[in-house]
Amino acid sequence: MTRLAGKIALVTGGASGLGEAIVRRYVAEGAAVIIADIDEAGGMALAGELGTAARFIPLDVSDEASWLAALATCDRLDVLVNNAGITTLGSIEEVTLAQLRHEFDIDVVGVFLGCKHVIPLMREHGGSIINMSSMTGVRAQGNLVAYNAAKAAVTHITKSCALHFAGQGYPIRCNSVHPGAIHTPIIDKVLAQSDDPEALYRSFVASHPIGRLGKPEEIAAICVYLASDESAFATGAEFRIDGGSTL
């Protein structure tokens, strides 16, 4: 398993959930991986487990100074996975302005800053930026107004970046991944916001024609493809890994 041999990747939100699955798969495929997260304990523990193939750096994706400090530790990058994110449950009547702004700080500002500041590390030799959007960035839901809006923004930031990089002649690709509901700790946090977690969980399952939630490893697999040279002709594209939810 050496599809990413020689590549250096940075994964935000890499200490747990989808990020952890991506980190583990990238290491298995031969990449050197930087685990970037606000969870220092989790990130250090994962890096320690994976050995010399991984290292941890603290990163608050919503803070530009934190991005600049993190990227200053990198001589080069071949892959950036903008994975860090949160999910705010609630309709337009329920979500507060503070919640909306927090959602955008993490899910949108974080992606914007990553795409912007990684350019000098990829502009000469090329690279792949993978932005984690969602099936709800394509198809809205009434009880996820902040998350819907944030992930739709990620979708179009991705396309705008792809067009800019191509127009400038930069050998940088930028694509978005759109998972369905994936069984990770973030799902548990969403369920905890609900008055009826069991009913909400059943609704998540029912929204997937395939009849189940996704697994983190299934998202990590598409991220390997997008990080590898196999996807050299893919840019600005939406990769929907959602059990048929957006059909």
Side-chain angles (χ1 to χ4, degrees), residues 4 8-29 31-63 66-67 70 73 77 79-89 99 102-111 113-114 129-137 144 146-147 150-151 154 176-194 197 200-201 204 212-224 226-227 241-242:
L4 303 182
I8 301 171
L10 187 152
V11 181
T12 72
S16 63
L18 285 183
E20 179 184 350
I22 294 165
V23 167
R24 290 183 181 278
R25 184 64 190 277
Y26 277 13
V27 168
E29 293 287 355
V33 184
I34 300 161
I35 304 163
D37 208 301
I38 58 171
D39 178 5
E40 185 168 351
M44 290 288 287
L46 181 58
E49 177 188 341
L50 294 174
T52 57
R55 67 182 176 94
F56 170 77
I57 54 173
L59 175 63
D60 175 355
V61 296
S62 68
D63 181 71
S66 184
W67 267 108
T73 72
L77 275 181
V79 182
L80 170 65
V81 184
N82 279 314
N83 165 75
I86 60 171
T87 304
T88 303
L89 184 66
Q99 288 176 311
H102 184 54
E103 181 82 48
F104 270 62
D105 278 346
I106 306 301
D107 287 14
V108 181
V109 173
V111 169
L113 291 173
I129 299 174
I130 304 164
N131 293 331
M132 200 62 65
S133 183
S134 167
M135 67 177 183
T136 66
L144 288 169
Y147 187 69
K151 291 304 185 179
V154 170
S176 56
V177 174
H178 298 253
I182 309 299
H183 208 148
T184 66
I186 203 168
I187 284 286
D188 296 327
K189 291 178 182 178
V190 173
L191 294 173
Q193 299 175 54
S194 173
L200 183 59
Y201 182 85
F204 287 158
R212 65 173 175 85
L213 300 191
K215 302 173 185 177
E217 295 78 11
E218 292 168 326
I219 305 305
I222 192 66
C223 290
V224 170
L226 290 173
I241 316 298
D242 63 3

Task: Polar side-chain atom of Tyr26 near backbone of Cys223 as donor-acceptor pair, under 3.5 Å - done: yes

Task: Interatomic spacing from CG in Asn82 to CG in Asp107 - rounded to 0.5 Å - done: 10.5 Å

- [ ] Working to the nearest 0.5 Å, report the span between CD1 of Ile130 and CG of Asn83.
- [x] 10.0 Å

TODO: Taking atom CD1 of Ile38 as the centre, report whether more than 12 heavy atoms of other residues, nucleotides or ligands fall under 6.0 Å from it.
DONE: no

Task: Distance (rounded to the nearest 0.5 Å) between Leu144 CG and Thr136 OG1 - done: 6.0 Å

Enumerate donor-acceptor pairs with a distance under 3.5 Å from any side-chain N or O in residues 214-222 to protein atoms, sequence neighbours excluded.
| unit_1 | atom_1 | unit_2 | atom_2 | d |
| --- | --- | --- | --- | --- |
| Glu218 | OE1 | Arg212 | NH1 | 3.3 |
| Glu218 | OE1 | Lys215 | N | 2.8 |
| Glu218 | OE2 | Arg212 | NH2 | 2.8 |

Open item on the list: If you define the side chain from C-beta out and look only at heavy atoms, does anything of Leu200 sit under 4.5 Å from Leu89?
Closed with: yes

Task: Donor-acceptor contact below 3.5 Å, side chain Thr184 vs main chain Gly17 - done: no

Task: Rounded distance (nearest 0.5 Å) linking atom CD of Gln99 with atom OH of Tyr147 - done: 15.5 Å

Task: Asp37 side, atom CG; Ser16 side, atom OG - distance, nearest 0.5 Å - done: 6.0 Å

Task: Main-chain N/O of Leu59 paired to Trp67 side chain as donor or acceptor, under 3.5 Å - done: no

TODO: Enter the distance from Leu18:CG to Met132:CE here, rounded to the nearest 0.5 Å.
DONE: 5.5 Å

